[in-house]
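Worksheet for the structure shown next.
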Amino acid sequence: MRFVELSSTAMSALLKDDLAQASAEAGVALPEYFVTDRAKWVWRYRVNQLTSDPGCAGWLTQVVVAEPEGAVVGYAGFHGPPDEVGMVELGYSVVPDHRRQGYARAILTGLVRRAAAEARVSTVRVTISPDNAASLATISGFGFVEVGEQWDEEDGLELIFEVAA
């Protein structure tokens with residue numbers, strides 16, 4: 001599994017439904033899943049983040065490539081660099097054709113390792129809808145503890161889970 005950074009140029013191409021340009025920019029063949037409405041919401045949000053804070057680069061959503069086959073199986077990353085108390089929140093999405101094959105757990109493992117390798121990170125957070133049984137099952141075994149809930153304008157009610165980095 002490897003993570004490939006998406007530049008704001010690649011994300012902007014995705015927002016214009018230009019998979020060929022975005023794929024060329026990323027250096028991997030991106031699937032149609034990357035131009036769905038949900039994915040475009042992510043790209044729009046991340047482009048705005050990079051524009052307002054270029055220091056976020058390297059922490060934001062990246063392409064997930066399964067090795068050795070080289071298939072793009074999803075996108076994943078953090079909502080930004082560590083905050084003032086050392087917390088990072090992760091997020092991921094697996095391409096539907098690649099779900100239920102262990103990729104979400106592999107992605108989660110990679111993200112938690114990335115966070116743990118950074119001295120500034122003390123806590124890893126994930127938020128999940130209480131109705132999302134697949135994601136709730138995915139985080140089990142990683143030591144995440146439910147610490148509360150929140151209302152997200154995009155996703156509705158979310159349970160908040162955290163684990164020490």
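If you're wondering where the values come from, they're calculated on a predicted model, not measured in any experiment.
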From CG (Leu136) to OG (Ser129), nearest 0.5 Å: 7.5 Å
Nearest heavy-atom neighbours spanning Val35 and Leu14: CG1-O, 3.5 Å
Between CD on residue Glu89 and CD on residue Glu162, distance to nearest 0.5 Å: 9.0 Å
Interatomic spacing from CG in Leu50 to OG in Ser8 - rounded to 0.5 Å: 6.0 Å
Nearest non-hydrogen partners of Ala22 and Ala10, listed with the distance: CB-O, 3.5 Å
Pairwise distance CG(Asp83) to OG(Ser122) - rounded to 0.5 angstrom: 8.0 Å
Salt bridge (Lys or Arg N to Asp or Glu O under 4.0 Å) assessment of Arg44 paired with Asp37: CA-CA 10 Å; Arg44 192 171 300 107; Asp37 289 342; over 6 Å; no
Ring pair (Phe, Tyr, Trp, His ring centres under 6.0 Å) contacts touching residues 84-110 (sequence neighbours left out): His98-Tyr103
No-hydrogen, no-angle side-chain donor-acceptor test under 3.5 Å, Ser93 and Tyr33: yes
Minimal non-hydrogen separation, Val121 against Pro82, with atom names: CG2-CG, 3.5 Å
Distance, nearest 0.5 Å, that separates OG1 of Thr109 from CZ of Arg114: 15.5 Å
Donor-acceptor side-chain pairing of Ser7 and Glu25 below 3.5 angstrom: yes
Residue pair Phe161 / Ile139: nearest heavy atoms and the distance that separates them: CG-CD1, 3.6 Å
Rounded distance [0.5 Å steps], CD1 in Ile107 versus CG in Leu90: 10.5 Å
Partner residues of Phe142 under the ring-ring contact (aromatic ring centres under 6.0 Å, His included) criterion, sequence neighbours left out: none
Heavy-atom neighbours of Glu69 CD exceed 12 at 6.0 Å: yes
Test item: Gln101 side-chain N/O and Asp97 main-chain N/O as donor-acceptor pair under 3.5 Å: yes
Closest approach of Val163 to Gly143 (non-hydrogen atoms, all atoms of both residues): CG2-O, 3.5 Å
Val65 side chain reached by Val73 side chain, heavy atoms, under 4.5 Å: no
Short side-chain to backbone donor-acceptor contact, Gln62 and Gly77, under 3.5 Å: no
Identified side-chain hydrogen bond (donor to acceptor under 3.5 Å, both in side chains) counterpart of His79 within the set Arg125, Arg46, Gln49: Arg46
Short side-chain donor-acceptor distance under 3.5 Å, Asn132 and Ser135: yes
Close side-chain approach of Leu60 to Glu5, heavy-atom, < 4.5 Å: no
Nearest atoms (heavy-atom pairs only) where Val124 meets Ala165: CG2-CB, 4.3 Å
Test item: Arg2 side-chain N/O and Val64 main-chain N/O as donor-acceptor pair under 3.5 Å: no
Residue Tyr45 excluded, over 12 heavy atoms near OH under 6.0 Å: no
Connected hydrophobic set around Val85, excluding itself, where side chains approach under 4.5 Å: Met87
Contact list for residues 49-71, test ring pair (Phe, Tyr, Trp, His ring centres under 6.0 Å), sequence neighbours left out: Trp59-Phe78
Selection residues 143-152 - residue pairs positive for side chain to side chain donor-acceptor pair (under 3.5 Å), sequence neighbours left out: Gln150-Glu158
Counterpart residues, ring-ring contact (aromatic ring centres under 6.0 Å, His included), relative to Phe34 (two or more places apart): Trp43, Tyr75
